[in-house]
Amino acid sequence: MNVKETDARYVAGTYKRFPVELVRGQGSLVYDENGREYIDLGTGIAVNSFGIGDPEWKKAVEAQLDRIQHTCNLYYSEPCAKLAELLCERTGMKKVFFGNSGAEANEGAIKAARKYAAEKKGPEYFTIITLKNSFHGRTLTTLAATGQDYFHGLYRPLTPGFAHAEPNDLEGLKKLASETKAAGIFIECVQGEGGVIALDSDFVRGAAEFAAENDIVFMVDEVQTGNGRTGKLYSYMNFGIEPDVVTTAKGLAGGLPIGAVLLGEKLENVFGPGDHGSTFGGNPVSCAGAISVISRIDDDLLAGVAKKSSMIFSALSGAEGVESVSGMGLMIGIKTVKPASEVVAACIEKGVLCLTAKDKVRLLPALNIPDELLEKALGIIKEVCAA
Ligand SMILES: *Cc1c(COP(=O)(O)O)cnc(C)c1O
């Protein structure tokens with residue numbers, strides 16, 4: 001059996017895979033089992049922040065691998081402590097809890113908000129308000145947080161204590177939060193899986209203000225939007241707010257599993273010994289990768305993200321077969337006249353890897369994708385959309 005047949009026979013069928021096996025790559029170029037080259041505009045869903053096998057990242061990861069690959073959280077470990085310090089310095093947050101994925105980070109945030117509210121206001125303050133059309137993960141609790149029925153399937157009953165407000169309806173959000181005795185409000189500033197849609201900044205700011213006035217924990221899910229993706233280190237920084245809790249994962253360690261919950265002043269000491277944990281959380285190899293990634297997301301790099309973003313918007317806005325372009329930075333949604341899945345399939349045929357998000361074609365290229373490669377890939381996308 002070849003890899004595709006073995007996979008179909010033995011791997012649980014949770015994914016509808018594109019008909020490509022990826023075997024190696026360098027930067028924003030990846031190669032399949034036949035040596036065919038593709039320009040990668042998906043980065044493993046916003047994970048490979050600096051593309052494949054970035055030399056600086058690889059050096060940091062390999063150096064840590066030569067020292068120790070895992071310690072567990074019963075011992076001190078330098079990469080974990082250093083990464084937490086770096087994240088706090090760069091965001092003004094106060095403490096970090098490490099896990100291994102976006103869903104795990106979001107679970108941690110939800111637990112933090114519930115514990116804070118239970119101690120401060122009483123155990124009836126447990127509801128977390130999220131938004132319709134949101135995506136927060138696949139565990140039963142993060143599915144409950146996710147405001148799209150499509151994902152809920154036959155998995156009910158989901159974890160109770162979640163209510164979904166309409167995006168950009170501030171009065172509706174306030175009403176729901178008051179009625180439900182909300183412990184927290186949890187949003188993506190740019191809804192990713194929901195179709196790459198940035199929230200209105202008045203709504204985001206209004207929600208943050210309302211939360212602060214009412215001592216409701218204000219949390220931002222930066223699993224997809226974080227780590228330079230939207231042109232700032234974290235997407236909330238585009239909105240002029242200071243959340244109480246920030247979660248991140250995907251691109252943080254540049255291709256290694258990691259998740260992080262950043263706790264601001266209000267929740268700095270919410271967790272004590274035994275309150276939460278994760279065996280792999282703070283893994284030294286992942287943390288070494290993340291230190292390398294975060295250290296490189298500086299003003300120059302972010303200026304590059306902004307420039308590449310405008311290249312995309314100007315190439316595709318108004319192009320034939322393109323209805324609209326949405327998103328921020330290098331997190332882009334394209335509404336095409338043809339079904340998104342057809343566009344993605346045709347792009348693969350022509351050597352470009354893109355993704356979808358609901359009815360959109362989604363682009364999540366490496367933060368340092370060379371301009372020439374991006375140009376070339378945009379040319380192919382335009383050709384496919386116009387055909
Ligand atoms: C991908 C994603 C998650 C889930 O992350 P996993 O690592 O797959 O658990 C949660 N929230 C958002 C916004 C995401 O994009």
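In each ligand, atom 1 is the first atom listed, and ligand 1 is the first ligand listed. Source: prediction; values computed, not measured.
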Near ligand 1, at a heavy-atom separation below 4.0 Å: residues by chain and residue number: S101, G102, A103, N106, F135, H136, G137, E188, D221, V223, Q224, K250
Within 6.0 Å of CZ in F280, more than 12 heavy atoms from elsewhere: no
Short N-O contact, K174 and E171, less than 4.0 angstrom: yes
Geometric cation-pi criterion R24 and Y31, 6.0 Å radius, 45° cone: yes
Do any side-chain atoms of residues 369-387 form donor-acceptor pairs under 3.5 angstrom with protein atoms, and if so which ones, sequence neighbours left out?
| unit_1 | atom_1 | unit_2 | atom_2 | d |
| --- | --- | --- | --- | --- |
| D371 | OD1 | K308 | NZ | 2.7 |
| D371 | OD2 | K307 | NZ | 2.5 |
| E383 | OE2 | K350 | NZ | 3.4 |

Remaining members of hydrophobic cluster (4.5 Å side-chain criterion), L267: F97, I110, Y116, I128, F162, F186, V217, M219, V245, V261, L263, V270, F271
Ring pair (Phe, Tyr, Trp, His ring centres under 6.0 Å) involving F218 - partner list, sequence neighbours excluded: none
